[in-house]
A.B. asks: 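Handing you a structure now.
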Amino acid sequence: MTTPQEHQAYDFAYVQEKWLPIWDEIEPFKSGRPDDPRPKKYVLDMFPYPSGDLHMGHAEAYALGDVIARYWIQKGFNVMHPIGWDAFGLPAENAAIKRNEDPRIWTYENIATQKASMRRYACSFDWDRVFNTCDPEYYKWNQWLFIELHKRGLAYRKDSAVNWCPSCQTVLANEQVVAGLCERCDTAVTKKKLNQWYFKITDYADRLLDDMKELEGHWPDKVLTMQRNWIGRSQGANVNFMIEGRHAPVTIYTTRPDTLHGATFMVVAVDSELAAELAAGTAAEEKFKKYRDSVKAASDIDRLATDRPKSGIFLERYAINPVNGEKLQIWASDYVLADYGTGAIMAVPAHDQRDLDFARAMKLPVRVVVETGDEDPSETGIATTGDGKLVNSGSLNGLNKVDAIAAINKELEASGLGKSARNYRLRDWLVSRQRYWGTPIPIVHCDKCGEVAVPADQLPLQLPDAKGLDLKPKGQSPLAAATEWVNTKCPTCGAAALRDTDTMDTFVDSSWYFLRYPSSKNSTEPFLRADIDTWLPVDQYVGGVTHAILHLLYSRFFTKVLHDIGLLGFTEPFTRLLNQGMVVMDGSAMSKSRGNLVRLSDELENHGVDAIRLSMVFSGPPEDDVDWSDVSPSGSVKFLSRAWRLSGDVTSKPGVAFANGEISLRKATHKALHDAAFAVESFRFNVAIARVMELVNATRKAIDSGPGSADPAVREAVEAIAIMLSLVAPFTAEEMWERLGHKPAIATAGWPVVDEKLLVADAVEAVIQINGKIIERIEVTPTISDAEIEALALANPTVAAALNGATPKKVIARAPKLVNIVL
RNA sequence: GCCCCGAUAGCCCAAUGGCAGAGGCAGAGGACUUAAAAUCCUCCCAGUGUGGGUUCGACCCCCACUCGGGGCACCA
């Protein structure tokens, strides 16, 4: 270490080394002492996955979270700003397979590395509350929650065609399939019929949708829109069609019951049981089977291509249209989805593009029942979906769309042929995984008693030792090979039974972790109600938009379930959400293969922690991506040195009366404090820093060519600069604070109280416009009235000359800023 | 195809219907210096993607379009 005397210039490496051990001693970010009278705030950063050391993305996210946490501390709040690790998951398991070692080792090593980096990065975390989701003390409560859901029928098993990643050799939730590819490894996802565990999130679809009202304005619109689309509620009707030669009718779902008279055929999903049943014993059966097999062989990618020509098979069966008794051909096709609605639709080619494409391909009739004013769909090939007057529709003729829907729904309901219905795009959450590194599902399968939950006093059900297990993906959970672990006794009847060998999706872990921080060390409950009522819901959540659907939707679901169970007094977990952008390089995401990877450790080495944090925060609005090729860390270093130098120039003593200071610098200081606070609260951190830069420039001038370094206003300004800088540049700020004669930690120094009287300017410049064009500027007092400023404007010689005797049509006065004279 | 967001100086970005420029980067010049670096000072640069509309007044609101980014996508 070098000595202070050697460092006339600002030396970030020296300052960093100097303060870390002192902060370790003071622990300025400990939250929640019982006697703490300050109001509380819960600021939460999305917890990291320990996949290696911290990278540029973490550096941005934690810099932003820190601005918010440190700001509220300065503002006098008792802030809880915790951190932990989302530590289960595939990367650890894959690394373990590669190195032939226990995933625990890799995981805990990475956690230690990241933790050390966070300390060096001066994150304002409360280190007393740390936990890792792979700790048995944590995942015990995953199991407890699973059992609570199981009790209430919200965790259940079913056979279903599930998303299967052939490379990861595990099932995937719908949310983890992106454009037909596994989100983790980009392998084309296939379908596999399996018996799997699900959480019944669909029971909460309406509430997940409707409760978003209270998040509006506090969450990014983008995220709310994405969640709405994902849930995809649609309002329509179920209608029963009789089938020739079949006892029971077939129910179809439609959002356009008004077009029922325009149905010219029926289509059932080729992979549905209904299709197989209808085809059985008909002349079309062989053709149908061949078609079905070809569809099943095709991947989701092919199926997702919407511009693909329509295909299908006529099943040689007929349905009867309930409203007009017409006989409709029944076709099987892959454009109808088996797991949406009832897997069967009425086709109205005139008013639905997909049906029209199919009708034209198969030479099926098209009948217009809504006069929209557009050209005939059978000629143009373009279905008319707009509103219009109903025709060829019996009792509905002459009505518009809305009235026709209401009328037909009433008729259907009266006759028992149908009723209004809702459908959702959202599916139940598939939570079982055939991999090792996750929470074991706490269920025992007994021949006599069926699915039996592991009793609470036997939790945690620990993962068996990885030693001796083959973790390689093979379609069956590696836990199945842990014979001693698998073979157990039924908790109910004591007979020999088998443990469930699947593990939970790691998104289960992250769906409630924010509830654990306030009571993270408690071993008898997942969270204490008293702590929850003190700290929750989270006041400010900060994280990447990549979790807009998955994590945030699941967390909202869990919160509602736990509320219903009576464990929480609120239904939305995150009051405010900030999504930071990504750190990119030359316009694209950083990656080794692209060769544009910037190493955080190099940047920190070259420019120092504060300069990197400052660069991240100053680069632009937090939601925007940071292009590292656009930012100038050396510019940040320059600014920080400039600010630091001010602290050495102040010659007045701490505690000097600021009221005697030079007035214009005092005004600049108070304006900066006021504006920066407002900017931080509205997430415009880049603007807040610009305000600090202005004040630094003004103070420099005051020292060099103004009232001089002894003026109390200079001390007031530099202290304000240090406090404002403490949000982004904690080392520099602390060093400045010491040079100003104060004791650490500046983090808890408190935001100076803004004197409203100093926010008012003595004189302001008002503009005078004629027809919106500026012709003169005048000095006015800020308290001038509209009438006074109007009089001043009209009396102004330049204005009088420009008017040249003309009478203004209208004069708009907006004191004290402007007067607009309209001729 | 549908939905959302964005477009301001060479570059990153400010300006919550009222003077387009707060701040920074890059660039130019000067002071200091034997010189350079550092530091300090000064300066340069656009009329807000395009076309309409509303308004006394539009970067800001409305309509249409262009380009860029993101989300959803055969959900009946």
Side-chain angles (χ1 to χ4, degrees), chain A residues 8-10 178-180 220-230 232-234 236 252-256 259 267 269 303-308 310 333-337 339-348 351-355 357-358 423-427 545 548-549 581 587 614-615 618-621 623-627 629-636 638-639 641-642 645 675 678-679 682 684 686-697 700-701 703-705 765-774 776-777 808-814 817-823:
Chain A
Q8 291 307 305
Y10 180 58
V178 179
D221 287 338
K222 187 183 170 185
V223 173
L224 295 176
T225 306
M226 282 167 73
Q227 293 215 356
R228 278 195 193 98
N229 290 342
W230 188 262
R233 180 161 72 192
S234 99
I252 61 96
Y253 174 73
T254 178
T255 53
R256 293 293 304 276
T259 62
V267 189
R303 195 174 165 145
L304 280 168
T306 47
D307 49 358
R308 195 165 59 101
K310 291 278 186 286
S333 174
D334 63 352
Y335 87 90
V336 172
L337 306 176
D339 59 351
Y340 183 78
T342 58
I345 63 150
M346 66 168 187
V348 185
H351 308 299
D352 181 285
Q353 191 59 49
R354 294 151 301 181
D355 296 346
D357 293 343
F358 192 82
N423 268 306
Y424 304 87
R425 222 189 67 103
L426 182 72
R427 302 294 140 83
V545 74
I549 297 173
L614 177 68
S615 300
F618 183 56
S619 71
E623 307 83 12
D624 289 7
D625 287 350
V626 178
D627 194 323
S629 61
D630 288 334
V631 309
S632 168
S634 56
S636 296
K638 226 165 81 181
F639 165 69
S641 322
R642 193 168 146 84
R645 240 177 282 121
D675 290 359
F678 179 67
S682 41
R684 283 145 56 242
N686 52 327
V687 177
I689 292 168
R691 294 291 94 84
V692 182
M693 288 173 167
E694 279 177 278
L695 186 58
V696 167
N697 292 341
R700 181 79 262 157
K701 234 173 228 169
I703 293 171
D704 290 350
S705 55
E765 193 179 59
V767 293
I768 304 170
Q769 304 176 323
I770 292 182
N771 288 338
K773 282 204 176 99
I774 295 156
E776 181 67 309
R777 294 152 198 278
K809 220 182 273 172
K810 200 170 170 190
V811 179
I812 290 117
R814 289 284 179 276
K817 282 183 174 171
L818 116 170
V819 177
N820 187 14
I821 299 162
V822 187
L823 294 182

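In the text below, chain A, chain B and the rest are named by the order of the sequence lines, each starting its count at 1. Keep in mind that the numbers below use all heavy atoms, side chains included, and drop hydrogens, waters and symmetry copies.
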A.B. asks: When you look at A:Val696 and A:Glu694, which way does the side-chain contact (heavy atoms from CB on, under 4.5 Å) test go after all the steps?
C.D. replies: CA-CA 5 Å; A:Val696 167; A:Glu694 279 177 278; over 6 Å; no

A.B. asks: Just to confirm, is there a sub-4.0 Å distance from OP1 or OP2 of B:rC56 to any side-chain nitrogen or oxygen of A:Lys810?
C.D. replies: yes

A.B. asks: Quick check for you: among B:rC56, B:rA76, B:rC40, whose closest atom lies nearest to any side-chain atom of A:Arg645?
C.D. replies: B:rC40

A.B. asks: Can you see if the side chain of A:Ser234 gets near the phosphate of B:rA76 - specifically, an N or O under 4.0 Å from OP1 or OP2?
C.D. replies: yes

A.B. asks: Output yes when a side-chain donor or acceptor of A:Asn423 lies under 3.5 Å from a complementary backbone atom of A:Ser234, and no otherwise.
C.D. replies: no

A.B. asks: Between B:rA76 and B:rA58, how far apart are the P atoms? Round to whole Å, please.
C.D. replies: 44 Å

A.B. asks: Any idea which of B:rC72, B:rA76, B:rG23 is nearest the A:Val336 side chain?
C.D. replies: B:rA76

A.B. asks: Select base, sugar-phosphate, or nothing to describe what A:Gln769 touches, counting heavy atoms under 4.0 Å on all strands.
C.D. replies: base

A.B. asks: Send over the distance from A:Asp334 CG to B:rA76 C1', rounded to a whole Å.
C.D. replies: 14 Å

A.B. asks: Among B:rC56, B:rG23, B:rC13, which is the nearest nucleotide to the side chain of A:Ala690?
C.D. replies: B:rG23

A.B. asks: Using purine N1 to pyrimidine N3 plus N6-O4 or O6-N4 for Watson-Crick, or N1-O2 and O6-N3 for G-U wobble, both under 3.5 Å, which nucleotide pairs with B:rC72?
C.D. replies: B:rG1

A.B. asks: Using the closest heavy atom to pick a nucleotide of RNA chain B for each, name whichever of A:Asn423 or A:Gly635 lands nearer the 5' end.
C.D. replies: A:Gly635

A.B. asks: Under a 3.5 Å distance rule, please check whether A:Ser333 uses its side chain to pair with a backbone N or O of A:Tyr335 as donor and acceptor.
C.D. replies: yes

A.B. asks: Using the closest heavy atom to pick a nucleotide of RNA chain B for each, name whichever of A:Ala344 or A:Thr225 lands nearer the 5' end.
C.D. replies: A:Thr225

A.B. asks: First locate atom CD1 of A:Ile549, then atom CD of A:Gln227, and finally report the distance between them rounded to the nearest 0.5 Å.
C.D. replies: 7.0 Å

A.B. asks: So, OP1 or OP2 of B:rC3: does either fall under 4.0 Å of a side-chain N or O from A:Arg228?
C.D. replies: no

A.B. asks: Over all strands shown, is A:Asp355 touching base, sugar-phosphate only, or nothing at heavy-atom distances under 4.0 angstrom?
C.D. replies: nothing

A.B. asks: Are the side chain of A:Asn820 and the backbone of A:Ile812 linked by a donor-acceptor contact shorter than 3.5 Å?
C.D. replies: no

A.B. asks: Taking any heavy-atom pair under 4.0 Å as a contact, classify A:Asp630: base, sugar-phosphate, or nothing.
C.D. replies: sugar-phosphate

A.B. asks: Within this structure, what is the CG-to-P distance between A:Asn820 and B:rG17, rounded to whole angstrom?
C.D. replies: 18 Å

A.B. asks: Whether A:Arg256 and A:Asp352 form a salt bridge (side-chain N of Lys/Arg under 4.0 Å from carboxylate O of Asp/Glu) is what I want to check.
C.D. replies: no

A.B. asks: Counting side-chain heavy atoms from C-beta on, which of B:rC40, B:rG24, B:rG18 comes nearest to A:Asn697?
C.D. replies: B:rG24

A.B. asks: What integer number of Å spans the P atoms of B:rC62 and B:rU55?
C.D. replies: 16 Å

A.B. asks: With rounding to the closest Å, how many angstrom separate the C1' atoms on B:rU42 and B:rA35?
C.D. replies: 23 Å

A.B. asks: Is any side-chain nitrogen or oxygen of A:Lys817 closer than 4.0 Å to OP1 or OP2 of B:rG57?
C.D. replies: no

A.B. asks: Could you check whether A:Phe678 gets within reach of a base, just the sugar-phosphate, or nothing at all, counting any heavy atom under 4.0 Å?
C.D. replies: base

A.B. asks: A:Lys638 has an atom NZ; how far is it from atom C1' of B:rA26, in whole Å?
C.D. replies: 10 Å

A.B. asks: Nearest-Å distance, CD (A:Glu623) to P (B:rG69)?
C.D. replies: 20 Å

A.B. asks: Using both distances under 3.5 Å as the test, list the Watson-Crick or G-U wobble partner of B:rC43, or none.
C.D. replies: B:rG27

A.B. asks: Distance check: side-chain N/O of A:Arg700 vs OP1/OP2 of B:rU39, anything under 4.0 Å?
C.D. replies: no

A.B. asks: Find the distance between CD1 (A:Ile345) and OG1 (A:Thr254) and round it off to the nearest 0.5 Å.
C.D. replies: 8.5 Å

A.B. asks: For A:Glu694 and B:rA15, what is the distance between atoms CD and C1' respectively, to the nearest whole Å?
C.D. replies: 12 Å

A.B. asks: In terms of side-chain heavy atoms of A:Met693, which of B:rG24, B:rC74, B:rC56 is nearest?
C.D. replies: B:rG24

A.B. asks: What's the CD1-P distance between A:Ile689 and B:rC25, to the nearest Å?
C.D. replies: 13 Å

A.B. asks: Return the value, rounded to whole Å, for the distance between atom CZ of A:Phe358 and atom P of B:rA76.
C.D. replies: 18 Å

A.B. asks: Return the nucleotide paired to B:rC32: Watson-Crick means purine N1 to pyrimidine N3 with N6-O4 or O6-N4, wobble means G-U with N1-O2 and O6-N3, both under 3.5 Å.
C.D. replies: none

A.B. asks: Using purine N1 to pyrimidine N3 plus N6-O4 or O6-N4 for Watson-Crick, or N1-O2 and O6-N3 for G-U wobble, each under 3.5 Å, what pairs with B:rA37?
C.D. replies: none

A.B. asks: Given the structure, check if the side chain of A:Lys809 and the base of B:rC56 hold any donor-acceptor pair shorter than 3.5 Å.
C.D. replies: no

A.B. asks: When you measure from the side chain of A:Leu818, which nucleotide among B:rC41, B:rC74, B:rG18 comes out closest?
C.D. replies: B:rG18

A.B. asks: Nearest to the side chain of A:Asn686 - B:rC56, B:rC13, B:rC41?
C.D. replies: B:rC13

A.B. asks: Considering only B:rA76, B:rU42, B:rC72, which nucleotide approaches the side chain of A:Ile549 most closely?
C.D. replies: B:rC72

A.B. asks: Taking atom C1' in both B:rG52 and B:rU66, what distance in whole Å separates the two?
C.D. replies: 15 Å

A.B. asks: Can you tell me how far P in B:rA9 sits from the matching atom in B:rG70, rounded to whole Å?
C.D. replies: 22 Å

A.B. asks: Of all the nucleotides listed (B:rC40, B:rA76, B:rC56), which has the minimum atom distance to the side chain of A:Tyr340?
C.D. replies: B:rA76

A.B. asks: When all nucleic acid strands are considered with a 4.0 Å heavy-atom cut-off, which category describes A:Arg691: base, sugar-phosphate, or nothing?
C.D. replies: base

A.B. asks: A:Ser615 and side chain to side chain donor-acceptor pair (under 3.5 Å): which partner among A:Ser634, A:Ser636, A:Ser632?
C.D. replies: A:Ser636

A.B. asks: Partner lookup for B:rG6, please. Criteria are Watson-Crick or G-U wobble with both distances under 3.5 angstrom; report none if nothing qualifies.
C.D. replies: B:rC67

A.B. asks: Is it the case that the side chains of A:Arg642 and A:Asn697 hold a donor-acceptor pair, with the cut-off being a distance below 3.5 Å and no angle test?
C.D. replies: yes

A.B. asks: Taking the P atom in each of B:rC12 and B:rU54, what is the distance between them to the nearest angstrom?
C.D. replies: 34 Å

A.B. asks: From CG of A:Leu224 over to C1' of B:rG71, roughly how many Å is that when rounded to an integer?
C.D. replies: 13 Å

A.B. asks: Can you tell which of B:rC56, B:rC13, B:rC41 lies closest to the side chain of A:Arg814?
C.D. replies: B:rC56

A.B. asks: When the P atoms of B:rG53 and B:rC72 are considered, how many whole Å apart are they?
C.D. replies: 39 Å

A.B. asks: Rounded to whole angstrom, note down the P distance from B:rC60 over to B:rU48.
C.D. replies: 10 Å

